[in-house]
Each structure stands twice: as structure tokens, then as C-alpha cells.
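See below for the structure under consideration.
What you see is a predicted model, and the numbers here were worked out from it, not measured in a lab. Below, each value reflects all heavy atoms present in this structure, side chains not excepted, and no hydrogens, waters or symmetry copies. Below, chain A is the first sequence line, B the second, and so on; all start at residue 1.
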Amino acid sequence: MMNSDFITAIIFDCFFAAVASIGFAVISNPPRKAILVSAFLAAVGHGFRYFLLKGTSLDISSASFIAAFIIGMLSILFAKKIHCPAEVFSFPSLLPMIPGMYAYKTVLASVKFIQCEDYPSSINIIVDIFRNGTTTVFVLFALVVGVSVPMFIFHNQTFSVTRILKFVNKDRRILDKPRVEIEQIDER
Amino acid sequence: MDIHSELKELSKFLSDYSTCLMAVGTHTSRVVRNTSRIAQSFGFFADMTIFQKTIIMTLRDKDNSHSYSTVNKIKPMALNFEINSRLSSLSWEAYDEHLSLEQLRSQYNEIVSKPRINKWIVLLLVACANASFCRLFSGDWQAMCTVFVATLVGFFIRQKMMEKHINHLFVFIASSFFASMIASLATIYHFGNTPQIALGTSVLFLIPGVPLINGVLDIIEGHALAGVSRLINAALLIICLAIGLSLTLLLIGVNAL
């Protein structure tokens with residue numbers, strides 16, 4: 001199974017996923033340092049999904065779920081390193097996994113269905129619409145839920161990654177008092 | 001300064017801050033947390049109701065004896081993760097270092113007025129991205145070239161029409177129609193072995209991925225109303241994309257595919 005052809009295929013897959021992720025990331029104007037991270041995450045996620053699809057017997061929705069979960073975990077790790085919200089690079093790195101061909105086939109089959117006047121063959125088209133449509137929806141949900149599960153596991157870290165502590169103020173009770181008083185305390 | 005004018009000035013700032021965050025595509029619970037964090041650093045509490053187009057917010061002091069309410073429209077803005085990230089940092093900075101309102105204002109204005117990435121670079125990168133997307137669906141190099149050109153044209157049309165503030169739903173129909181029309185030339189002239197994949201991928205740069213993910217996140221975190229309205233907006237965009245693609249399919253004839 002792990003011959004050199006398979007490994008080359010995975011590496012190519014990673015490379016193109018990274019390029020795709022950079023392109024889709026710049027639409028939403030991310031911070032410059034986040035672009036490379038999202039490319040890396042997309043390469044890891046998509047390459048891993050490719051491995052799961054070709055190397056194991058998993059179907060596309062479960063494979064997408066696992067890949068998205070890994071992206072979510074890694075994104076929280078990187079978020080702590082470079083002080084950016086995790087979604088800034090986890091969202092663009094999911095985009096290469098969006099089930100575009102299934103969505104296209106759903107639209108194509110729907111247009112065929114409108115134009116089809118023959119009753120028996122339209123039943124086949126309905127099966128096409130349903131099969132491709134449900135795959136699209138399931139993969140989309142697997143991606144979103146997979147990436148957000150780590151965000152809930154590490155809920156507090158998710159919201160405090162952008163914090164850059166310059167000094168540690170242990171007496172948090174100060175914050176409950178109005179501003180004027182805070183300044184007086186600081187002067188003392 | 002008496003407490004009422006202090007509340008008033010801070011509410012004005014916070015309503016600008018929260019609507020800006022909401023407009024650039026931050027998920028709702030982060031908006032709520034960031035805003036109340038800044039309010040807390042001044043010793044106040046902020047409670048807010050968030051809809052798709054407006055934010056209603058009440059700022060009050062600790063014993064509820066003074067309060068100030070604002071309603072502010074969420075202006076339509078393009079997605080911008082840099083503003084999202086830097087405004088989140090700003091809220092922590094306010095919390096940890098007790099920045100004054102003037103400092104907050106000036107930093108906020110500086111962050112918001114930062115220019116976006118050059119649009120020609122974006123155009124080129126999006127075209128490359130969609131071409132490699134086509135490769136991920138196992139298209140050959142001819143299909144990749146077709147998708148590259150189709151995306152260049154489609155995204156350029158989208159940028160131009162967005163600058164002229166044409167209705168965004170119509171923009172989506174038009175750019176998906178033109179992009180898929182160019183990609184369909186590969187089908188008509190039998191360019192390469194996988195022209196179908198080129199046709200299918202050519203419109204995918206329009207998929208509103210961020211609103212989709214944000215919508216589901218919002219629903220899971222309990223902001224069901226905001227989440228559903230985000231999902232409805234994303235669904236509308238996807239329907240428009242499908243309309244543009246179907247027009248092409250009807251024109252070139254589906255039975256050939």
C-alpha cells in the first residue's frame with residue numbers, strides 16, 4: 001500500500017491544497033503571518049484526507065470529519081504561538097476540502113431533471129440528485145463540526161489567544177472598580 | 001467627567017467596535033466577549049442583542065443605577081480577518097493595560113483604516129487557487145488552464161461589480177455565469193480529457209465558506225438567531241451561484257454532459 005507512487009500522490013495533493021488555501025485565504029484579507037500557517041494546515045488536512053480515502057475504507061464524510069478535527073487541533077496550537085484567533089487560519093484551510101464536484105453534480109442533475117420528460121429515466125436522475133446532494137451536505141457539516149469541536153474542548157484558550165501579556169496583574173478585583181479609582185490605586 | 005457622559009462616550013465607541021467586528025465576519029460569541037471585556041476594563045457591564053443588520057447594546061454601571069443604550073446598524077463590509085484579529089488583541093490590551101478611551105479610539109481608527117491586500121495580487125492568487133482546486137478533483141492540466149482563465153474573468157467581474165455597489169446577489173449570478181461559460185468552451189471544443197471537472201470547479205471560488213462555518217458555529221454556541229440568518233444569507237449566495245451555473249448548462253445543453 002505505501003509504495004512510492006502513493007506517497008508522491010499524497011505530496012502532490014498536499015502541495016495543491018496549500019496553493020488553493022492561500023488563494024482562498026487572501027479573499028478574506030488575513031494577517032500576513034497567518035497565510036503561511038493556513039497553507040500548512042490545508043496541506044496536512046487535505047493530505048491526510050487523501051490518505052484516509054485511498055488507503056483505508058473510510059467514506060468521504062468521515063474522512064473529512066477526521067481531517068477537519070486535526071486542522072482544528074493544530075489551529076489552536078498555532079493560534080497560541082502567533083496570537084491570532086484560531087478561525088483566521090482554520091477556515092481558509094478547510095476550503096480546499098469543500099465538496100465542489102458533488103455540488104456541481106447536484107446542480108447538473110437538477111437541470112437535467114427539469115428538462116427530462118421521460119418518466120423512467122427521471123427516477124435515475126432523482127437518485128443522482130439525492131446521492132450527490134446528501135454527500136455535499138454531509139461533508140459540509142462534517143467539516144464545520146470537525147473544526148469546531150476542538151474550539152469547544154479548549155474553550156477558554158480559544159478566546160484568550162490574542163492576549164499578549166506585558167505584565168501580570170494578579171489582583172483582578174481592581175477591574176471591578178470604576179476607572180477613576182484604578183488610577184488612584186496605581187499612584188499609590 | 002460625570003458618569004453619564006462617560007457611559008455615553010464609551011457606548012458610542014463600543015457600538016462602532018462591535019458593529020465593525022460583526023461586519024468583517026467574526027462569529028457572534030467572540031463579538032460579545034470582546035465587547036464586554038472592554039466594558040469591564042472601564043468597570044461597566046455591556047449586554048447586547050445581535051441581529052443580522054443591527055446591534056442593540058446597553059452599557060450599565062455595577063449597581064444598575066446608570067445606563068446608556070445604543071442601536072447601531074451593521075454596515076456591509078468585505079470579510080477581513082486582519083481587523084478581526086487585531087481588534088481582538090485590542091480588547092485584551094484594553095483589559096490588561098487599562099487604555100483610555102482616546103487611546104482606544106485612535107488605535108481602532110488605525111486598525112480599521114489599514115489598506116487591504118492589493119486586489120490584483122488577490123485576483124492572481126484566487127485564479128491559481130481555483131486551478132489547483134481543479135487538480136484536487138483530479139482534473140488534467142488542460143482543465144487547470146481553463147479554470148485559471150475562467151476564474152480570472154469571473155473574479156474580475158465580481159471585483160468590478162462590487163466596486164460599483166451593484167446588488168450582491170446579481171453579482172454572484174453574473175460572475176458564476178461568465179466563469180462557467182468560459183469553462184464550458186473546454187467542453188464544446190473537447191479540450192483535454194476532463195472538461196466536466198473544469199466546468200464544475202470554475203464557479204467554486206464564489207462559495208461563501210466563512211459565513212457557512214460561522215453560521216454553524218453560532219448555532220452551536222447558542223446564538224441561534226444570528227447563526228440562522230448567516231446561514232440563510234450563505235444559502236442565498238449558493239442559490240445564486242447555482243442559478244448562474246444552470247443558465248450555462250441550459251445554454252450549452254445538458255445532454256452533452
Should we count [atom1] of [X] as having more than 12 external heavy atoms under 6.0 Å?
X	atom1	answer
B:F13	CZ	yes
A:F152	CZ	yes
B:F148	CZ	yes
B:K119	NZ	yes
A:R131	CZ	no

To the nearest 0.5 Å, what is the distance between [atom1] on [X] and [atom2] on [Y]?
X	Y	atom1	atom2	value
A:K112	B:S246	NZ	OG	13.5 Å
B:F133	A:M97	CZ	CE	10.0 Å
B:N84	A:C84	CG	SG	9.0 Å
A:Y104	B:L199	OH	CG	4.0 Å
B:E221	A:M151	CD	CE	8.0 Å
A:R32	B:E82	CZ	CD	5.5 Å

Below 4.5 Å from any heavy atom of chain B, which atoms of A:F89 appear? Answer side chain, backbone, both or neither.
neither

For chain A, which candidate among [options] shows the most heavy-atom pairs at distances under 4.5 Å?
options	answer
B:A78, B:S91, B:S85	B:S85
B:L136, B:L204, B:V216	B:L136
B:I197, B:I207, B:T26, B:L212	B:I197

What parts of residues 136-146 of chain A touch chain B if we use heavy atoms and a cut-off under 4.5 Å?
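So the qualifying residues are A:L140, A:F141, A:V144.
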
Suppose a student defines contact as a heavy atom less than 4.5 Å from any heavy atom of chain B. Which residues in residues 12-31 of chain A would they list?
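Against chain B, the residues of residues 12-31 of chain A that fall inside the cut-off (heavy atoms, under 4.5 Å) are A:F12, A:D13, A:F16, A:A17, A:V19, A:A20, A:I22, A:G23, A:F24, A:V26, A:I27, A:S28, A:N29, A:P30, A:P31.
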
Pick one of side chain, backbone, both or neither for [X], based on which atoms fall under 4.5 Å of a heavy atom in chain A.
X	value
B:M144	side chain
B:R37	side chain
B:R33	side chain

With side chains defined as the heavy atoms from C-beta onward, is the minimum distance between B:R30 and A:P85 less than 4.5 Å?
yes

Verify side-chain contact (heavy atoms from CB on, under 4.5 Å) between B:V210 and A:E87, making sure each step is shown before the conclusion.
CA-CA 9 Å; B:V210 178; A:E87 63 261 28; over 6 Å; no

Looking only at A:L94, A:V107, A:T106, most heavy-atom pairs under 4.5 Å shared with chain B are made by A:V107

Please report the closest heavy-atom contact between A:I98 and B:F137, naming both atoms and the distance.
O-CZ, 3.6 Å

